[in-house]
Amino acid sequence: MLAQHSLRPLDGPIAVRPACPNCGRSMYLKRTCKAADGLAELRTFACGECGVYVTEAAGD
Ligand SMILES: [Zn+2]
């Protein structure tokens, strides 16, 4: 697979902000973990209201 997009630092636009599973508000990006061989980039989102954290794997 060729890289189809470049990784951006935290000041880049966030394409998808998941809703908090607890309160439904938009979560903010807490941290990212760069993709490694065979592993997708991981993004951890946090809810500022209730402190819930959600980690998602970006891409396929
Ligand atoms: Zn919440």
Side-chain angles (χ1 to χ4, degrees):
M1 278 290 187
L2 295 174
Q4 295 178 353
H5 61 90
S6 57
L7 296 175
R8 297 184 62 90
L10 290 177
D11 60 344
I14 306 302
V16 178
R17 296 177 64 169
C20 174
N22 191 49
C23 69
R25 291 175 181 268
S26 292
M27 304 178 83
Y28 64 90
L29 185 64
K30 182 70 172 179
R31 64 179 292 234
T32 59
C33 186
K34 285 186 178 179
D37 289 344
L39 297 174
E41 178 184 355
L42 296 179
R43 295 174 179 168
T44 298
F45 295 89
C47 175
E49 291 295 318
C50 47
V52 170
Y53 290 83
V54 173
T55 300
E56 295 185 338
D60 292 321

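Worth saying up front: this structure is predicted, and the values here are computed from it rather than measured.
- For the side-chain contact (heavy atoms from CB on, under 4.5 Å) test, residues two or more places apart in sequence or in another chain that qualify with C50 are C20, N22, C23, C47, V52.
- Taking CZ of R31 as the reference point, atom CG of L42 lies at 8.5 Å (rounded to 0.5 Å).
- Counting heavy atoms from C-beta on, the side chains of M27 and R17 never come closer than 4.5 Å.
- Every residue meeting the side-chain contact (heavy atoms from CB on, under 4.5 Å) condition with A46, not counting sequence neighbours, appears here in chain and number order: Y28, K30, Y53.
- Taking the salt bridge (Lys or Arg N to Asp or Glu O under 4.0 Å) definition, one finds that E56 meets it with nothing, sequence neighbours left out.
- For T44, the side chain to side chain donor-acceptor pair (under 3.5 Å) partners at least two apart in sequence or on another chain are T55.
- Hydrophobic clustering of Ile, Leu, Val, Met, Phe, Trp and Tyr side chains at less than 4.5 Å, counting indirect connections, unites V54 with L29.
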